[in-house]
Amino acid sequence: MSITTDTYAMRETLERLNKDATNTIDKADNCTVKLSDLSTLLAAYKIELNKGNHLRKLLDQETNAQ
């Protein structure tokens with residue numbers, strides 16, 4: 001089963017993160033974002049990394065089988 005991370009909800013999350021980060025930058029370059037949005041982004045990133053690792057393993061197996 002594949003998990004899709006490129007969804008409307010994820011794009012909305014990214015937009016909120018971008019707005020929150022840019023609108024709350026202070027003089028020390030700190031910003032404030034919602035924890036739930038940041039957690040969603042990190043979860044999607046981990047999923048995509050795992051997809052890449054899985055694909056790389058499959059390609060390596062195919063290469064070694066030939």
Side-chain angles (χ1 to χ4, degrees):
M1 180 176 120
S2 180
I3 299 174
T4 302
T5 57
D6 183 17
T7 64
Y8 180 75
M10 189 64 216
R11 283 183 241 122
E12 284 184 323
T13 299
L14 291 170
E15 186 175 328
R16 276 192 311 275
L17 276 168
N18 185 47
K19 283 182 184 178
D20 287 347
T22 28
N23 291 335
T24 62
I25 295 173
D26 65 16
K27 292 182 181 185
D29 288 335
N30 296 311
C31 66
T32 304
V33 297
K34 292 181 182 175
L35 180 59
S36 61
D37 286 344
L38 184 58
S39 295
T40 300
L41 174 65
L42 292 172
Y45 179 70
K46 288 179 183 178
I47 290 167
E48 291 301 322
L49 282 178
N50 286 333
K51 283 181 186 179
N53 288 336
H54 180 70
L55 179 59
R56 192 173 305 115
K57 286 178 186 176
L58 287 176
L59 292 172
D60 288 345
Q61 288 173 356
E62 285 182 9
T63 302
N64 292 333
Q66 293 177 357

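Hydrogens, waters and symmetry mates are skipped; everything else that's a heavy atom, side chains included, is used. The model shown is predicted, which means the values in this text are computed figures rather than measured ones.
Here the shortest heavy-atom pairing between Thr4 and Lys51 reads CA-NZ, 4.2 Å.
Listed by first then second residue, pairs satisfying side-chain hydrogen bond (donor to acceptor under 3.5 Å, both in side chains) with a partner in residues 8-24 read Asp6-Arg11, Tyr8-Glu12, Thr13-Arg16, Glu15-Lys19, Arg16-Asp37, not counting sequence neighbours.
Grouping the Ile, Leu, Val, Met, Phe, Trp and Tyr side chains by contacts below 4.5 angstrom, directly or via other members, places Tyr45 apart from Leu38. Taking hydrophobic clusters as Ile, Leu, Val, Met, Phe, Trp and Tyr residues chained together by side-chain heavy-atom distances below 4.5 Å, Leu41 does not share a cluster with Leu49.
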Below 3.5 Å, can you tabulate the donor-acceptor pairs from side chains in residues 29-36 to any protein atom, sequence neighbours excluded?
none

